[in-house]
There are 2 protein chains.
Amino acid sequence: MINQQGRKQRRSKAHSSGPARLKDIAQDLGLSTVTISKVLRGHPDIGEETRARVLKRMKELNYQPNFAARALITGRTWTIGLVVPDLLHPFFALVAKAISADIRGQGYSLIITSSEDDPELEREEIGQLLARRVDAMVIASAQHDTDSFRRIEEQQIPYILIDRRIENLQANFIGVDDEAVGLLATRHLIEQGCQRIAHIRGAGTSTAAGRMKGYKRALATHRQPQPPGYVVPVGISGDDRGSSGGYAAMEKLLSLKQRPDGVFCFNDPVAMGAMHAILDAGLRIPEDIAVVGCGNLIYSDFLRVPLTSVDQDSAAIGKSAADLALSLVGKKEPPRTKTELMSPKLVVRASSLRK
Amino acid sequence: MINQQGRKQRRSKAHSSGPARLKDIAQDLGLSTVTISKVLRGHPDIGEETRARVLKRMKELNYQPNFAARALITGRTWTIGLVVPDLLHPFFALVAKAISADIRGQGYSLIITSSEDDPELEREEIGQLLARRVDAMVIASAQHDTDSFRRIEEQQIPYILIDRRIENLQANFIGVDDEAVGLLATRHLIEQGCQRIAHIRGAGTSTAAGRMKGYKRALATHRQPQPPGYVVPVGISGDDRGSSGGYAAMEKLLSLKQRPDGVFCFNDPVAMGAMHAILDAGLRIPEDIAVVGCGNLIYSDFLRVPLTSVDQDSAAIGKSAADLALSLVGKKEPPRTKTELMSPKLVVRASSLRK
DNA sequence: TGTCTTACAGTTATCGATAACTGCAATTCA
DNA sequence: TGAATTGCAGTTATCGATAACTGTAAGACA
């Protein structure tokens with residue numbers, strides 16, 4: 001008896017509180033919920049007149065299907081997960097924007113998490129996304145091992161690595177051809193007449209390794225000297241990264257007997273730090289030392305000396321990743337892992353322009 | 001018959017594909033699903049031994065509750081929606097990071113959407129979040145009218161405006177005291193000995209209006225002149241905003257008979273543009289014209305001339321918004337709208353340091 | 001010794017949608 | 001003209017969990 005009361009209350013709710021449900025529309029129109037559902041999905045079963053009536057009522061009631069209910073029965077959440085090391089970094093912010101824009105029109109939403117470059121945190125975040133049964137994941141990872149990704153594979157959720165690869169992991173990857181990045185930047189410095197080119201390298205990521213490889217190849221190809229001490233890493237820990245790391249690294253380079261006359265920096269913040277160090281030492285950019293950064297961050301135009309930088313089209317990476325992710329949703333066995341390498345391009349500004 | 005086959009297949013799935021369900025654990029252990037559910041929720045009904053057995057099996061199967069199923073019955077999605085005008089903007093990126101970090105530990109995930117400052121797009125995004133039944137929303141809005149928010153209120157979903165207010169809308173708000181921002185910046189310029197202080201103002205938002213009000217009040221209080229033409233707006237359309245807008249606005253100010261000797265800029269990108277214009281005109285900063293920006297974006301340190309800027313603690317805003325949002329989740333009638341104004345603080349750098 | 005608690009676990013209905021079938025009338029085809 | 005098809009809508013079972021009751025045995029208490 002009490003139970004029946006309960007049910008009646010529930011039903012009467014239809015027109016008072018809470019969003020409209022299929023059932024409400026059905027009752028209003030004297031149809032079954034299935035019919036309404038079919039209209040919603042554009043099922044051919046439904047006649048023109050009925051369809052019109054239903055659509056009209058849906059508008060009036062401002063009906064919005066319940067994602068949870070739909071997800072439960074269809075097994076799709078219409079949600080994509082994105083894991084980045086740092087949302088504040090313009091590269092990742094741009095990627096996030098691009099993905100968001102790309103999937104928006106297709107009914108997907110984006111859950112974004114920032115791992116703060118902490119592998120442990122990232123593991124947890126991936127776990128959360130798994131628990132939420134996102135339809136696909138896009139990850140710029142701070143991991144060093146593969147078990148997080150094995151878990152994703154177990155659940156048969158498609159995922160795409162961007163920007164950074166993982167060793168010993170066969171997975172979809174979209175990013176920049178980092179060796180080409182190093183090649184492009186270094187070759188440019190050579191063309192500008194630099195004779196002793198140093199490199200401030202990043203640490204830990206595949207990205208850093210690739211860029212250094214390109215740097216070395218360019219030097220070798222053009223028979224340029226590679227003096228000892230000309231490759232300096234920026235610290236991997238918090239304070240020593242980014243621009244302050246670049247500053248410290250540059251100081252080391254400046255203290256060498258043979259000072260370099262060109263520097264290729266792992267990324268733009270590092271390059272900014274390096275430039276500070278150079279200017280603080282009373283040297284000129286680019287006359288004494290030419291500087292090339294990487295990332296072409298939007299604020300490159302506003303530095304003391306506008307910074308030449310290798311541009312990686314982050315929007316394109318985001319869009320590609322999103323497209324690939326969506327194309328993989330729902331497929332049982334992903335066809336084959338796909339690797340897409342974007343070619344970088346150089347944006348030349350004053351910091352390296354000697355001629 | 002066929003039906004039964006279907007069911008059997010479904011059940012046998014338990015140990016082959018797909019994530020483990022409550023039912024799988026229950027069957028394994030010869031218990032009912034309800035018992036497992038109770039263990040999951042820490043219900044006191046369950047005995048120690050049983051609880052331990054269940055927990056052990058949950059670990060082994062790597063069990064993760066299905067959010068969709070749970071959301072359907074409990075009415076909570078454990079999801080917060082965030083709408084910002086531009087994820088690329090460090091202010092919003094920082095807010096997003098702070099919210100994400102704050103809610104992470106409490107089992108919530110964050111759906112982030114970027115409206116590109118387009119009211120129409122924002123409306124759609126809010127609609128999406130409503131359809132997904134997020135538990136609460138945090139919005140930095142580009143809207144001019146209130147109907148989107150009425151819709152949110154109808155669904156009884158708590159929401160919090162940040163950074164920008166909406167006219168005629170009584171809602172939770174967390175942001176910076178913009179009048180104090182204008183006051184602080186302008187007073188600082190006065191203290192630095194500026195005699196003719198101009199303002200490059202933003203357009204359209206409550207933020208812009210508040211900052212200008214503070215600027216004017218500071219001038220009035222200190223009996224400073226307010227010559228005509230000393231308040232210049234940056235364009236509201238795409239190309240004329242940000243730094244290029246600041247450049248154009250500064251050019252106007254430079255062409256006045258009485259050139260200003262101090263400028264308070266609506267935000268840092270605008271200030272960067274203004275500084276470019278000043279330097280390009282062969283003038284010195286701060287000797288000829290002192291510049292103060294707003295936002296204290298992380299790259300302020302790397303400009304041609306380090307920029308004095310009013311800092312708004314975006315992380316604090318994000319955390320406050322997240323805390324308020326979570327505290328409001330599930331409450332039928334929100335107690336009363338709350339307004340929290342953070343006090344800004346000035347970060348002085350070379351661009352305004354005359355003494 | 002019989003009733004009342006207490007501790008512990010199970011039953012049943014439900015959340016809001018969809019998939020897979022099942023009708024039933026009108027139409028088409030042989 | 002009877003059988004098969006088509007168009008259109010309804011029935012039923014289900015997705016994976018939780019809320020609200022309903023037992024049942026062991027121990028407490030009078």
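In what follows, every chain begins at residue 1, and chains take the letters A, B, ... in the order their sequences are listed.
- The residue among B:D45 and B:Y63 whose nearest nucleotide of DNA chain D is located toward the 5' end is B:Y63.
- The nearest whole Å value for the distance from the CG atom in B:L29 to the P atom in C:dC8 is 17 Å.
- Looking at the side chain of A:A69, the nearest of the listed nucleotides C:dA9, C:dG16, D:dA9 is C:dG16.
- Salt-bridge annotation for B:R150 and B:D147: absent, with no side-chain N of the basic residue lying under 4.0 Å from a carboxylate O of the acidic one.
- Between B:I46 and B:T74, the residue whose closest nucleotide on DNA chain C is further toward the 5' end is B:I46.
- Nearest to the side-chain atoms of B:R21 among the listed nucleotides D:dT18, D:dG16, C:dT18 stands D:dG16.
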Side-chain donor-acceptor pairs under 3.5 Å in residues 42-53 of chain B, sequence neighbours left out?
| unit_1 | atom_1 | unit_2 | atom_2 | d |
| --- | --- | --- | --- | --- |
| B:D45 | OD2 | B:K38 | NZ | 3.1 |
| B:R51 | NH2 | B:H43 | O | 3.3 |
| B:R51 | NH2 | B:I46 | O | 3.2 |

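- Checking C:dT11, C:dT18, C:dC21 against the side-chain heavy atoms of B:V34 singles out C:dT11 as nearest.
- Regarding B:D24, its CG atom lies at a distance of 10 Å from the C1' atom of D:dG16, rounded to whole Å.
- The side chain of A:L22 has C:dT18 as its nearest neighbour among C:dT18, D:dA9, D:dT18.
- We find that A:D24 and A:R57 are not joined by a salt bridge, their nearest charged nitrogen and carboxylate oxygen being 4.0 Å or further apart.
- Here the P atom of nucleotide C:dA19 and the NE2 atom of A:H43 are 10 Å apart, to the nearest Å.
- Backbone-only contact: B:T35 has heavy atoms under 4.0 Å from sugar-phosphate atoms and none from a base.
- Taking the charged nitrogens against the carboxylate oxygens, A:D28 and A:K56 have no contact shorter than 4.0 Å, which rules out a salt bridge.
- In this structure, B:S37 does not reach the D:dA17 phosphate: none of its side-chain N or O atoms is under 4.0 Å from OP1 or OP2.
- Listed pair A:R70 / D:dC15 fails the phosphate criterion, with no side-chain N or O lying under 4.0 Å from OP1 or OP2.
- B:L72 places its CG atom 13 Å from the C1' atom of C:dA13, with the value rounded to the nearest Å.
- Here D:dT11 presents its P atom at 13 Å from CD1 of A:I36, a figure rounded to the nearest Å.
- Under 4.0 Å is where a charged nitrogen must lie from a carboxylate oxygen, and between B:K338 and B:D323 no such pair does.
- Between A:E49 atom CD and D:dA9 atom P the separation is 9 Å, expressed in whole Å.
- Between the CE atom of B:M58 and the C1' atom of D:dG16 there is a distance of 15 Å, rounded to whole Å.
- Atom C1' of nucleotide D:dA9 and atom CZ of A:R51 are separated by 12 Å, given to the nearest angstrom.
- Of the side-chain N and O atoms in A:R41, one or more sit less than 4.0 angstrom from OP1 or OP2 of C:dA19.
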